[in-house]
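The block underneath contains the structure these notes are about, expressed in structure tokens.
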Amino acid sequence: MTLDTSIEFLKGIGPERAKFIRSVLGLNTVEDFLTFYPLRYIDKSKIHAIGDLREDQEAEIQLKGKISDVQEIGYGAGQKRLTAKFRDDSGTLDLVWFRYSKWMKEQLPLNREIFIFGKINAFNGILSMAHPEIEIDERKALSGSLSPIYPGSEKLSKRGLNNKFFQTVLMEITKNLPSLMEENLPHSLTKKLKLINRIHAFYHIHFPKDFGHYEHANRRIKFEEAYFFQLGYALKKQHHKSSVLGNPFQKIGDDFKNFYNNCIPFELTNAQKRVLKEIRTDMKKPIQMNRLLQGDVGSGKTMVALLAMLIAKDNGFQSCIMAPTEILAQQHFAGISELLENTNVTVKLLTGSTKTANRKTIHEELLSGELSILIGTHAVLEDIVQFKNLGLAIIDEQHRFGVAQRAKLWAKNRIPPHILVMTATPIPRTLAMSFYSDLDVSVIDELPIGRKPIITAHRREKDRLSVFRFAKDEIEKGRQIYFVYPLIEESETLDYKNLMENFVHITQFFDDKTPIMLHGRMKPDEKGAAMKFFASGKAEIMVATTVIEVGVNVPNASVMIIESAERFGLSQLHQLRGRVGRGGEQSYCILMSSDKLSKESRTRLKTMTKTNDGFKISEVDMELRGPGDILGTQQSGVIDFKKLSLVTDGDILKVAKKAVEFLLKQDPKLEAPENLALRTYYVKQYKGKNKWSRIS
Ligand code: ADP
Ligand code: MG
């Protein structure tokens, strides 16, 4: 037997069953079985008393008592079953078998102390156990070790592939562990981190002596997963840095200096300065930059992006910013053009709705080099959009773009442009350490000074009048407000507030004010016009759907009212809230919800009222939704860990990351004899499996 042996050759499997297991569980080899980890473990050393059982007793349990009153009831095939009573000192329980043989019936040990094991069912308050495992031997029953429970299904059990089957197969495999595998981590590392040996780990993950052994096995296996994952990315990064050329931007020239000294209407925060320095240091090198810029909503990522583009310009290169929506691109364009007003840096906007003539001019100016900065949507990616020399490509809200789209940016220059990707909301620490670990990360961990934290409140229907009055008062003070709805129109299936109906109510209530509408069914230029109208202050109220979720920047708006807030996800709520609190005024976010809330909705709304910290919110969001959902289905496959959890194992990831950094510093090519086992394992296991090309 080796790890690669097909399971069909294992005792008790054979080709038929192997085929079935393959199709249901996707397990092919001995190794697949070894990493088919138990869902949980049952402590058989414990004996429960019938009198203490509850209807909602989870997990399987063990009881000690006597079987009596065996009876066959029902007639005909499929109707017949066998029942019995099971008694201990504290009570009686019904036993039932739906499938049984005459032989089994005769063999039932009656009226003597035995052990039974199984799951409790409750029906009309009567407790029962179906198909109990029976053990006569006390020593075996109370073996003192934990019994693994594997992820099974009815489909499998019907074919005899029940938990006992998996236990037997894994018992057989784990007996052979010493000849199947070797340690794959250097001794110095396992010693330093007090990790148990690999063979012990795989034994005890299936058959732990006790919870202590389980914990050690679990930690070792998780660490291994994290470590080799990190190693993969680190090697990729190392390779990238030694082989992918980039244009070195060595100069800081007049465009940057002029802008920096004369055109920035505020003092940069220390975090912005630090991050800019990190970017500048990267771009100075003749190696392509691949950097992720993280920062909370409103932390001023756009300014950093613009300054980086001016460095490109000073070095004779063009740059572009690509945003996921037309509104966001327009917003960037408006903001950046205004900032560049008193400079001679040229900037243009290219989106799906750019008119043909204008589009043609842009294409020409990009080719001739006349245009320095291009801002746009996916339209930027089209093959016809060619630059004279694209030196820096910035992707805003990068998670909304797919792999192929990002790859297209690379190809826009002979020497690939430096890449800066920005996130709209902070991403959980563990995702930054895994999914994004082939990027260098810069974090703006500070908001501009003078920002007052947004006050967030949760209100219900009965509070509506006071909420509206409050909004009116704010408008009287000269502020602007947003209403956000989850639906445009009334829906037959969803009982949430909708924009169209409420636009009328709002118009009536705020009688002398001007509300304006913004939603996804409007044409791009209508949307642009509505945005402009609101930004200019001509409308006091913006009634919108989540099209305003990202990027929209109107500093005078100070109240965000989110209707049917229970309908929105956490990062969405945080993004929406980020539309206010952008100026010097105290801002408010009011989350309106119905009275009936699910537990998850309540957690979301509570998190929002408790904190403004996007990093914290992202952690809660991941706990609620899981990492796959946060990244979007398109990308979640990249981080399919078997044991490691991105929700709870941040510490392990961090230790693994450090360990890998240390390793590659000492032995970048993995040539030291002590690292031979590690290298061999890595090459066999991971090479070619990591989906390297995803980010940039
Ligand atoms: P985000 O990081 O969410 O993209 P923006 O770049 O849109 O944030 O910036 C939010 C607002 O803060 C903008 O109005 C911007 O002009 C302003 N801003 C950026 N940096 C500073 C700063 N250092 N001091 C004051 N205001 C700033
Ligand atoms: Mg932004």
Side-chain angles (χ1 to χ4, degrees), residues 259-261 263-277 279 291-310 321-341 347 373 375-377 394-401 420-427 441-454 479-480 482 531 534-537 546-558 560 571-585 587 589 612-615 617-618:
F259 182 81
Y260 196 90
N261 295 326
C263 307
I264 306 183
F266 40 70
E267 174 80 3
L268 293 187
T269 62
N270 286 329
Q272 281 171 315
K273 286 182 193 161
R274 188 191 68 238
V275 160
L276 183 67
K277 205 182 232 170
I279 293 170
R291 193 167 271 280
L292 170 71
L293 176 56
Q294 274 215 77
D296 209 340
V297 178
S299 61
K301 294 185 285 290
T302 318
M303 180 53 77
V304 173
L306 176 55
L307 288 165
M309 292 194 290
L310 291 173
I321 296 191
M322 190 167 74
T325 66
E326 177 121 16
I327 289 215
L328 188 49
Q330 279 172 359
Q331 182 84 29
H332 274 317
F333 178 68
I336 288 176
S337 321
E338 196 184 320
L339 285 165
L340 292 177
E341 209 164 31
V347 51
I373 297 178
I375 297 176
T377 54
I394 299 175
I395 307 173
D396 203 8
E397 324 298 353
Q398 75 83 29
H399 64 286
R400 298 205 186 186
F401 291 96
L420 182 67
V421 298
M422 309 200 288
T423 59
T425 29
I427 49 176
V441 181
S442 289
V443 182
I444 308 186
D445 50 5
E446 171 184 21
L447 292 180
I449 39 169
R451 293 271 172 85
K452 301 194 179 76
I454 301 164
R479 306 285 94 76
Q480 288 164 284
Y482 294 100
M531 231 14 265
F534 184 66
S536 73
T546 52
V547 290
I548 61 152
E549 181 185 332
V550 284
V552 167
N553 187 25
V554 178
N556 188 49
S558 71
M560 163 64 65
S571 71
Q572 239 179 344
L573 290 171
H574 183 58
Q575 265 297 331
L576 287 169
R577 176 168 63 184
R579 297 314 105 215
V580 296
R582 300 185 149 247
E585 304 301 331
S587 292
C589 174
N612 277 309
D613 182 342
F615 285 91
I617 290 173
S618 75

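Just follow the structure's listing: the first ligand is 1, and inside any ligand the first atom is 1. Note that the coordinates shown come from a computational prediction; the quantities given were computed from them, not determined experimentally.
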Applying the side chain to side chain contact (heavy atoms under 4.5 Å, CB included) test to S442, which of L293, L420, V304 qualifies?
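Single side chain to side chain contact (heavy atoms under 4.5 Å, CB included) partner of S442 among L293, L420, V304: L293.
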
Do any nitrogen or oxygen atoms of G300 lie less than 3.5 angstrom from nitrogen or oxygen atoms of ligand 1?
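Between G300 and ligand 1 (N or O atoms, distance only) the closest approach is under 3.5 Å.
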
Under 3.5 Å: N/O of G298 near N/O of ligand 1:
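There is such a contact, yes.
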
Below 4.5 Å, heavy atoms only, C-beta onward: do I336 and Q331 meet side chain to side chain?
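No, their side chains stay 4.5 Å or more apart.
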
Side-chain heavy atoms of S337 within contact of V347, under 4.5 Å:
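Of all side-chain heavy-atom pairs linking V347 with S337, at least one is under 4.5 Å.
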
Residue pairs involving residues 443-453 (criterion salt bridge (charged side-chain N to carboxylate O under 4.0 Å, His left out); sequence neighbours excluded)
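Listed once each, the pairs are R274-D445.
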
Would you mind listing which atoms of ligand 1 come within a distance below 4.0 Å of any non-hydrogen atom of [X]?
X: V297; answer: 3 (O)
X: L268; answer: 23 (N)
X: T269; answer: 23 (N)

Looking only at heavy atoms, is any part of [X] under 4.0 Å from ligand 1, and if so is it the side chain, the backbone, or both, or is it neither?
X: E267; result: backbone
X: R451; result: side chain
X: R582; result: side chain

Yes or no: does G295 have any heavy atom under 4.0 Å from an atom of ligand 1?
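It does not, in that no heavy atom of G295 comes within the 4.0 Å cut-off of ligand 1.
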
I'd like to know if D296 contacts ligand 1, where contact means a heavy-atom distance under 4.0 Å to any ligand atom.
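For ligand 1, residue contact (heavy atoms, under 4.0 Å) with D296 is present.
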
Solution key, residues 263-270 side-chain donor-acceptor pairs under 3.5 Å, sequence neighbours excluded:
residue	atom	partner	partner atom	Å
E267	OE2	K273	NZ	3.1
T269	OG1	Q272	N	3.1
T269	OG1	Q272	OE1	3.3

Have H574 and N612 got a donor and an acceptor in their side chains that come within less than 3.5 Å?
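Checked: H574/N612 side chains show no N/O donor-acceptor pair below 3.5 Å.
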
Within the side chain of D296, is there an N or O that forms a donor-acceptor pair under 3.5 Å with the backbone of G614?
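Here the side-chain-to-backbone pair exists.
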
Compare T302, L306, T425, I444 and give the one whose heavy atom is closest to atom 4 (O) of ligand 1.
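Among T302, L306, T425, I444, the closest heavy atom to atom 4 (O) of ligand 1 belongs to T302.
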
Steps toward side-chain contact (heavy atoms from CB on, under 4.5 Å) verdict (V275, I279)
CA-CA 6 Å; V275 160; I279 293 170; 4.0 Å; yes

